[in-house]
Amino acid sequence: MINQLWTRLLFLALVCSILSCSELQEGKVLKLAHGLDVKHPVHGGMVYMAQDLEKRSGGKLKIQIYPSGQLGSERQCLELLQIGSLDMTKVSAAPLENFSPKTKVLSLPYIFRDEDHAWEVFNGDIGKELLVGAEEFWLRGLVFYDAGSRSFYTKDRPINSPADLKGLKIRVQNSQTALQMVSALGGSPTPISFGELYTSLQQGVVDGAENNAPSFYTSRHYEVCKYYSIDEHAVVPDVLLIGTSTWNRLSVQEQEWLQAAADASVTEQRKLWKVANQEALDKVIEAGVEIIYPDKAPFSDQVSEIYESYKDNPEIFSLIERIRSIQ
Ligand code: GCU
């Protein structure tokens, strides 16, 4: 009797490992991992997408979300997608440049004139080329999410001009473009993953970092950094991706459901963003953060050397010119 029970259990474990447990549930379940907090408006956009997908597909296709870096850093999640161990992720376009090099154009400082210009690019031909172009690297971009603009926050002194960055260790994302930008502005760039940043700020490994207001707030970095200088040096979007091995396993119908749900979630996410951005600023001010609005001209003047350096890189340089020519 006991022997029979053990044989059955063993068989079940074997079937589970072959099929993967998610396929034993009703409907197909895609696993999506990302690094943001559940209160973040980009997480809210993905929750909306998951609900929309379940409705659209009549429960045949679902998404299970693993937030807050539970399954690893953005770089690790992208690698898991490439080898087919994770279905979907949401990352900043900044670390994506290590996998799909043309996306680095999205992290260039002051490349966009304003928010409308940025969304013309994300929603237009260039945006589509960059999303689908990642397929060459086993990653397929589905949509861009609004991640506002990035600005510096520091522990001990406010940043009023690039001169104030001199000698400061500033955390950057895992991105050559971000490193180049902080160096051009006079700071010392230090790449650290988002999940390790709170402790690094607290322990003085770095003197500051840079991000949008909802991330500054939901990560609680404002508890350590009391100066937020809105220089808006980069408008780096977030990107929702699926591994090509998962994408190619979906039927055409399932691909359509997923793309439609992702598209619908962008409209919702952008609404959530507007509210969360203002709320984040109000909350950090309430917590004693000083907000500085520096003159942006000295910052944008100082990064012009980066654009010069791309004259030797025709692929990126032509993208820069195309972006600039969009009205
Ligand atoms: C933003 C972005 C995240 C990214 C983070 C960072 O918050 O939405 O995807 O991880 O910046 O600076 O690492």
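Read the numbers this way: they start at 1 and go in the same order the structure lists the ligands and their atoms. Count residues from 1 along the sequence.
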What are the atom names and distances for all N or O pairs under 3.5 Å between ligand 1 and the protein?
{"from": "ligand 1", "atom 1": "7 (O)", "to": "N211", "atom 2": "OD1", "distance (Å)": "3.4"}
{"from": "ligand 1", "atom 1": "7 (O)", "to": "S215", "atom 2": "OG", "distance (Å)": "2.6"}
{"from": "ligand 1", "atom 1": "8 (O)", "to": "D238", "atom 2": "OD1", "distance (Å)": "3.0"}
{"from": "ligand 1", "atom 1": "8 (O)", "to": "D238", "atom 2": "OD2", "distance (Å)": "2.7"}
{"from": "ligand 1", "atom 1": "9 (O)", "to": "E74", "atom 2": "OE2", "distance (Å)": "2.5"}
{"from": "ligand 1", "atom 1": "9 (O)", "to": "K90", "atom 2": "NZ", "distance (Å)": "2.7"}
{"from": "ligand 1", "atom 1": "9 (O)", "to": "S92", "atom 2": "N", "distance (Å)": "3.4"}
{"from": "ligand 1", "atom 1": "10 (O)", "to": "E74", "atom 2": "OE2", "distance (Å)": "2.9"}
{"from": "ligand 1", "atom 1": "11 (O)", "to": "R150", "atom 2": "NH1", "distance (Å)": "3.0"}
{"from": "ligand 1", "atom 1": "11 (O)", "to": "N211", "atom 2": "OD1", "distance (Å)": "3.4"}
{"from": "ligand 1", "atom 1": "11 (O)", "to": "N211", "atom 2": "ND2", "distance (Å)": "3.2"}
{"from": "ligand 1", "atom 1": "12 (O)", "to": "R150", "atom 2": "NH2", "distance (Å)": "2.8"}
{"from": "ligand 1", "atom 1": "12 (O)", "to": "R171", "atom 2": "NH1", "distance (Å)": "2.7"}
{"from": "ligand 1", "atom 1": "12 (O)", "to": "N211", "atom 2": "ND2", "distance (Å)": "3.1"}
{"from": "ligand 1", "atom 1": "13 (O)", "to": "R171", "atom 2": "NH1", "distance (Å)": "3.4"}
{"from": "ligand 1", "atom 1": "13 (O)", "to": "R171", "atom 2": "NH2", "distance (Å)": "2.9"}
{"from": "ligand 1", "atom 1": "13 (O)", "to": "Q173", "atom 2": "OE1", "distance (Å)": "3.3"}

Residue set satisfying side-chain contact (heavy atoms from CB on, under 4.5 Å) with Y66, at least two apart, ordered chain then number -> K31, A33, Q64, Q70, L71
Pairs flagged by ring pair (Phe, Tyr, Trp, His ring centres under 6.0 Å) wherever residues 110-135 is involved - sequence neighbours left out
F112-H117, F112-F122, W119-F122, F122-F144
Taking the side chain as C-beta and beyond, is there a heavy-atom pair between L258 and M88 under 4.5 Å?
yes
By side chain to side chain donor-acceptor pair (under 3.5 Å), which residues pair with R324, not counting sequence neighbours?
none
Does K274 come within less than 4.0 Å of E115, counting only side-chain N to carboxylate O?
yes
Between E223 and Y198, is a side-chain hydrogen bond (donor to acceptor under 3.5 Å, both in side chains) present by the stated rule, with each step listed?
CA-CA 9 Å; E223 292 174 356; Y198 187 96; 2.5 Å; yes
